[in-house]
Amino acid sequence: MTDTLTITRPDDWHLHLRDGVALASVLPHSARQFARAIVMPNLKPPVTTTAQAVAYRERILAVLPPEMRFEPLMTLYLTNNTPPDEIRRAKESGFVHAVKLYPAGATTNSDAGVTDLSKCYKTLEVMQELGMPFLVHGEVTDPAIDIFDREAVFIDRVMLPLRRDMPELKVVFEHITTKDAAQYVESAEGPVAATVTAHHLLYNRNEIFKGGIRPHYYCLPVLKREEHRQALVRAVTSGSTRFFLGTDSAPHPKGLKEHACGCAGCYTALHAMELYAQAFDQAGALDQLEAFASFNGPAFYNLPRNQGSVTLKRQPWTLPAELPLGDATVVPLNGGETIEWQMA
Ligand SMILES: NC(=O)N[C@@H](CC(=O)O)C(=O)O
Ligand SMILES: [Zn+2]
Ligand SMILES: [Zn+2]
């Protein structure tokens, strides 16, 4: 049994840092765990221009504790009206590393998102030309489609036509949750990859309803059946370089999670690597964690691997029940419970 694991310092390829006082609360958690993160642009208002992304990056760095090192990799929020020139400005800035698709209405702060991807083709063509990755929240929003099928239907209705029309566009299928998405990403031709969260590797949808409704396990895309969880574990431990770490850590104030209409998102920035270690350990595949957490992402984004390392130890850690989130609090996933691993 492996009790200590030292790996190259990892990155988080899908992270919500929020803004203002909440940002200052959550940033040190991610910076303890990760050297860099792809920072999601779904603020209010969304980060739709390079100028906004550069300003947001400065706000992040301004609240980074001076003893910590962390590089925010910025993204733009695609709208129906994002001009092709904005992509050129983004690339030239050197700070913007991807553009994000939120289908309008699919998730938190997606109202300004895209209603019809065909409106964006001129812009997507420039992304294809410049090698700017396109990150997709891969769920259809058609209310007639069952919530548990929205990711699988997205493959047929959006992903396949997009990749037929734009075969060289680099696409990351974000936070995949189904065996359909895992199989698609494994076998598709061209530059396609996927991020996978720790919670989708550890839990199936029963977790949301165990002994009552448990809002801290509610995120989008929602947890799926056990067979899907197993397919995700197989994919990330398979040795395929197309899968990499993206926590989708998404803090919401406790009062908005424990609510009649609770927000979607799991807060895992505090203990992400510990949760991933647990998932890989349960699969007998701790030897695959380093590639998933530290190598496959930089290779896809054409960035160097990090210097330095982190060490994970099999050592029980009782998590705090809640943490400050600006002037509110946030309940981490597994808050108050004891987990099996701890980062040294
Ligand atoms: N994952 C979530 O459930 N929520 C994210 C949005 C997202 O990544 O879809 C959030 O910003 O809260
Ligand atoms: Zn999303
Ligand atoms: Zn997200």
Side-chain angles (χ1 to χ4, degrees), residues 1-17 23-40 56-75 94-98 133 172 193-198 201 236-237 239-249 267-281 283 285-317 319 323 332 339-344:
M1 197 155 86
T2 311
D3 290 323
T4 302
L5 181 70
T6 297
I7 61 169
T8 301
R9 207 166 165 224
D11 302 301
D12 183 350
W13 299 97
H14 183 132
L15 175 64
H16 300 271
L17 284 176
L23 164 62
S25 300
V26 300
L27 180 63
H29 296 153
S30 288
R32 181 182 79 95
Q33 299 243 329
F34 299 107
R36 301 171 287 200
I38 284 280
V39 179
M40 289 295 141
Y56 183 28
R57 178 177 178 275
E58 278 161 15
R59 294 198 296 282
I60 296 167
L61 292 175
V63 295
L64 183 68
E67 71 282 6
M68 298 189 107
R69 299 240 325 258
F70 177 77
E71 193 185 349
L73 308 171
M74 308 313 292
T75 60
F95 294 130
V96 176
H97 293 268
V172 184
T195 55
V196 187
T197 77
L201 292 174
V236 300
T237 59
S240 166
T241 58
R242 290 187 167 186
F243 298 95
F244 40 83
L245 186 158
T247 63
D248 195 18
S249 177
Y267 187 62
T268 54
L270 176 72
H271 54 316
M273 284 308 298
E274 288 85 347
L275 295 181
Y276 282 109
Q278 188 173 326
F280 278 69
D281 186 29
L286 277 173
D287 60 326
Q288 296 290 329
L289 181 59
E290 184 175 41
F292 174 75
S294 312
F295 298 162
N296 298 345
F300 188 86
Y301 277 87
N302 278 328
L303 291 167
R305 291 177 184 177
N306 294 316
Q307 305 285 311
S309 59
V310 297
T311 297
L312 290 148
K313 287 194 157 65
R314 190 187 303 278
Q315 187 176 300
W317 177 19
L319 299 172
L323 295 155
I339 59 172
E340 294 165 29
W341 288 82
Q342 196 160 0
M343 203 163 96

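By convention here, the first residue in the shown sequence is residue 1. Values reported hereafter were calculated over all heavy atoms of this structure, with side chains retained and with hydrogens, waters and symmetry mates removed.
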Report the residues that fulfil side chain to side chain donor-acceptor pair (under 3.5 Å) with [X], sequence neighbours left out, ordered by chain and then residue number.
| X | answer |
| --- | --- |
| Thr311 | Thr6 |
| Thr195 | Glu174 |
| Thr247 | Asp12 |
| Ser294 | none |

Got [X] and [Y] here, is their nearest side-chain heavy-atom distance under 4.5 Å?
| X | Y | value |
| --- | --- | --- |
| Phe280 | Leu312 | no |
| Thr8 | Glu290 | yes |
| Trp13 | Phe300 | no |
| Met273 | Leu289 | yes |
| His16 | Asp248 | yes |

What's the shortest heavy-atom distance between [X] and [Y], and which atoms?
| X | Y | value |
| --- | --- | --- |
| Phe244 | Ala193 | CE2-CB, 3.5 Å |
| Val39 | Pro72 | CG2-CB, 3.9 Å |
| Tyr267 | Leu323 | CE2-CD1, 4.0 Å |
| Leu64 | Ala31 | CD1-CB, 3.9 Å |
| Thr241 | Asn296 | O-CB, 3.3 Å |

Could I get the full list of side chain to side chain contact (heavy atoms under 4.5 Å, CB included) partners for [X], not counting sequence neighbours?
| X | answer |
| --- | --- |
| Arg314 | Met1, Asp3, Asp281, Trp341 |
| Pro28 | Pro65, Met68 |
| Gln315 | Lys313, Gln342 |
| Ala198 | Leu275, Tyr276 |

Hey, could you give me the [atom1]/[atom2] distance between [X] and [Y], rounded to the nearest 0.5 Å?
| X | Y | atom1 | atom2 | answer |
| --- | --- | --- | --- | --- |
| His271 | Gln33 | NE2 | CD | 9.0 Å |
| Met74 | Arg57 | CE | CZ | 8.0 Å |
| Leu270 | Ser249 | CG | OG | 9.0 Å |
| His29 | Phe34 | NE2 | CZ | 13.0 Å |

Who pairs with Glu274 by salt bridge (charged side-chain N to carboxylate O under 4.0 Å, His left out), at least two apart in sequence or on another chain?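 Only Arg32 meet the salt bridge (charged side-chain N to carboxylate O under 4.0 Å, His left out) criterion with Glu274.
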Could you note down all residue pairs passing salt bridge (Lys or Arg N to Asp or Glu O under 4.0 Å) where residues 292-302 supplies at least one of them, sequence neighbours left out?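 For residues 292-302: none.
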Solution key, residues 302-310 side-chain donor-acceptor pairs under 3.5 Å, sequence neighbours excluded:
| unit_1 | atom_1 | unit_2 | atom_2 | d |
| --- | --- | --- | --- | --- |
| Asn306 | OD1 | Arg36 | NE | 3.3 |
| Asn306 | OD1 | Arg36 | NH2 | 3.4 |
| Asn306 | ND2 | Arg9 | O | 2.9 |
| Asn306 | ND2 | Asp11 | OD1 | 2.7 |
| Asn306 | ND2 | Asp11 | OD2 | 3.2 |

side-chain contact (heavy atoms from CB on, under 4.5 Å) partner of Leu73, chosen from Val96, Leu15, Ile38: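 Testing each of Val96, Leu15, Ile38 against Leu73, the sole residue satisfying side-chain contact (heavy atoms from CB on, under 4.5 Å) is Ile38.
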Contact list for residues 58-68, test side chain to side chain donor-acceptor pair (under 3.5 Å), sequence neighbours left out: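 For residues 58-68, and leaving out neighbouring residues, the side chain to side chain donor-acceptor pair (under 3.5 Å) pairs sorted by first residue read Asp19-Arg59.
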